[in-house]
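Everything below concerns the one structure shown next.
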Amino acid sequence: MEQDALQGEDVCRFMEASLEIILKFDNQGRILYGNALAQEDLGYGEKLTQLKLDVLFPGELHHENEDFPVETLEKMKEGMMYRKNGTCFPVRMTTVRNGENYLLFAINVAKRIETERKLVRMKEEMEETIKVRNEFVANVTHELRTPVNGIRGHVTNLLEAGVTGEVKSTLDIIIRCCENMSAIINNILDFSKLEAGKFVIEQKEFNFYEMVNHAVETNITAINAKGLRIMVNIDKSIPEYLVGDQLRLTQILNNLLSNAVKFTSVGYINIEVTKTVQFDDEIELFFVVSDTGIGISPEEKDKLFKSFSQVDASITRKYGGTGLGLSITKQLIELMHGTIHLDSEKGKGSSFSFSVRMHLSQNREEGVKAGERFEFINQNQDMSQYDDLEKIFLYGTQENQQEITSKMEKLIICLEVEAWDKAEAFAHNIKELVEQGPREVKKSAFRMEMNVRKANYEKSMEQYNNLKSALMENIGGK
Ligand code: ADP
């Protein structure tokens with residue numbers, strides 16, 4: 001053991017190699033020793049040992065006609081150390097007694113202080129930039145909202161005046177464009193508020209079932225237009241009235257729901273709400289919004305909840321959007337003390353689940369009996385045909401034929417009345433349903449979708465008939 005302990009020789013070597021300045025001095029402040037770093041950094045070289053310590057700390061250790069203030073030095077944790085050339089640097093230091101003498105260890109913290117200052121400056125600059133940007137966003141979104149509302153108002157007046165035919169269809173499109181624009185403006189504003197930490201979650205009483213219904217109603221036209229099925233299932237042990245931010249909860253649900261509709265062309269959308277925990281007046285709700293749409297791959301999943309992220313550029317072109325929806329949704333959920341999670345398989349569908357915490361209303365008696373369920377189903381199709389969704393997309397199966405026939409019937413009605421938006425959705429469905437079919441059929445379906453998209457009645461009808469014959473030959477002949 002003796003041999004392992006530090007020897008005097010070792011100590012000297014370590015002191016010489018140290019990255020701290022080490023000085024030995026006596027009780028009069030006379031420097032007896034300075035290590036290599038001290039000699040070099042302070043600029044005195046070996047002459048350091050001819051000095052007294054107060055030369056290195058002229059401010060702090062000044063002691064005209066008095067004894068060297070060794071106690072002051074012992075208490076000093078920080079100070080300014082002066083070099084021979086008059087420049088100085090900040091140090092953190094400790095002084096320890098060593099027999100009759102003292103040892104001072106000092107480390108130059110100039111770089112660290114500079115880095116800290118830079119960080120503080122950078123943080124201030126960043127905060128300033130965010131502040132300016134948020135003010136800019138608030139102003140611009142306000143300026144954009146005014147003309148959009150103006151256009152919507154005037155177009156609504158024209159519609160109410162009773163226009164018909166092509167003019168009405170055009171005005172309907174303008175109204176929809178205004179709605180999209182308003183949604184984008186709101187998203188940008190929300191995003192900016194969330195980033196600035198200025199978002200406040202309200203605590204007000206609301207009817208939970210009406211809230212879910214409202215979110216479904218907002219999307220029901222699009223759901224029906226695409227021929228999708230929607231099912232809502234709420235665990236009835238959830239009280240009718242809750243306290244929380246109704247508007248923001250609707251926004252979360254609405255975003256997930258509208259995405260589900262946007263990215264699903266055949267099948268169904270399912271909303272499930274259950275109660276997971278209830279403690280005192282707090283309740284945790286668990287929502288699942290699932291669809292049988294295009295799905296999301298694991299690589300795409302990672303990017304999903306980040307701002308401005310859409311899984312790929314072709315999706316943006318086809319479906320539009322700013323990529324802010326899910327990022328806002330995630331932040332709103334977190335403000336409600338919850339989390340969001342995605343399960344998905346490419347080509348099969350997605351299932352977004354999230355939890356949020358709400359409070360129970362103190363003013364109401366619980367009006368619902370535990371164990372019952374609230375259900376809402378729209379009237380589109382018989383659910384049983386979706387039991388095996390894969391078969392629907394497998395060209396030539398009975399399920400696939402039925403689905404194609406059903407969509408073709410709907411498409412022809414839409415073409416006859418020139419309901420181009422709905423027609424486009426059906427033409428797109430049909431194209432997906434024949435994806436695995438023979439070339440001839442695929443080509444016709446593709447051309448038909450193109451012509452429907454261009455709202456060309458004659459060509460759409462022509463392609464419709466071509467596709468019908470091709471289908472008859474292929475499926476009908478089987
Ligand atoms: P946006 O505001 O543009 O709609 P979101 O953040 O809501 O953007 O969604 C980002 C992307 O996530 C979408 O562009 C889409 O690629 C993908 N996505 C979201 N929901 C679904 C879904 N239900 N099925 C398939 N893809 C989805």
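Indexing begins at 1, ligand by ligand and atom by atom, following the structure's order.
Distances shorter than 4.0 angstrom occur between a heavy atom of Lys262 and an atom of ligand 1. At least one heavy atom of Phe352 sits closer than 4.0 Å to an atom of ligand 1. Distances shorter than 4.0 angstrom do not occur between any heavy atom of Gly293 and any atom of ligand 1.
Ring geometry, Phe287 versus Phe354: the interplanar angle falls under 30°, so the pair is classed parallel (tilted spans 30 to 60°).
Defined by atom type and a distance below 3.5 Å, a donor-acceptor pair is present between the side-chain atoms of Gln251 and Asp190. In this structure, a donor-acceptor pair under 3.5 Å is absent between the side chains of Tyr241 and Gln362. When only modelled atom types and interatomic distance are considered, Asn233 and Asn270 share no side-chain donor-acceptor pair under 3.5 Å. For the residue pair Arg92 and Asn108, no side-chain donor N or O sits within less than 3.5 Å of a side-chain acceptor on the partner. Looking at Asp343 and Ser351, their side chains never bring a donor and an acceptor atom within 3.5 Å of each other.
For Glu403 and Lys407, the salt-bridge test passes: some basic side-chain N is under 4.0 Å from an acidic carboxylate O. Here Glu435 does not pair with Lys431 in a salt bridge; the nearest charged N to carboxylate O distance is not below 4.0 Å.
For atom 20 (N) of ligand 1, the choice among Asn259, Thr329, Leu342 with the nearest heavy atom turns out to be Asn259.
Within the listing of ligand 1, atoms 22 (C), 24 (N), 25 (C) sit less than 4.0 angstrom from a heavy atom of Ser350. Heavy-atom proximity to Ile296, at under 4.0 Å, picks out these atoms of ligand 1: 18 (N), 21 (C), 25 (C), 26 (N), 27 (C).
Using a 4.0 Å cut-off between heavy atoms, Thr264 makes no contact with ligand 1 at all. If you look at Leu256 next to ligand 1, there are no close heavy atoms at all, none under 4.0 Å.
For ligand 1, one of its N or O atoms has an N or O atom of Asp291 under 3.5 Å away. Looking at ligand 1, you'll find an N or O of Leu326 within less than 3.5 Å of one of its N or O atoms. Not one N or O of Ser327 is nearer than 3.5 Å to an N or O of ligand 1, by distance alone. For Gly325, a nitrogen or oxygen atom sits less than 3.5 Å from a nitrogen or oxygen atom of ligand 1, counting backbone and side chain alike.
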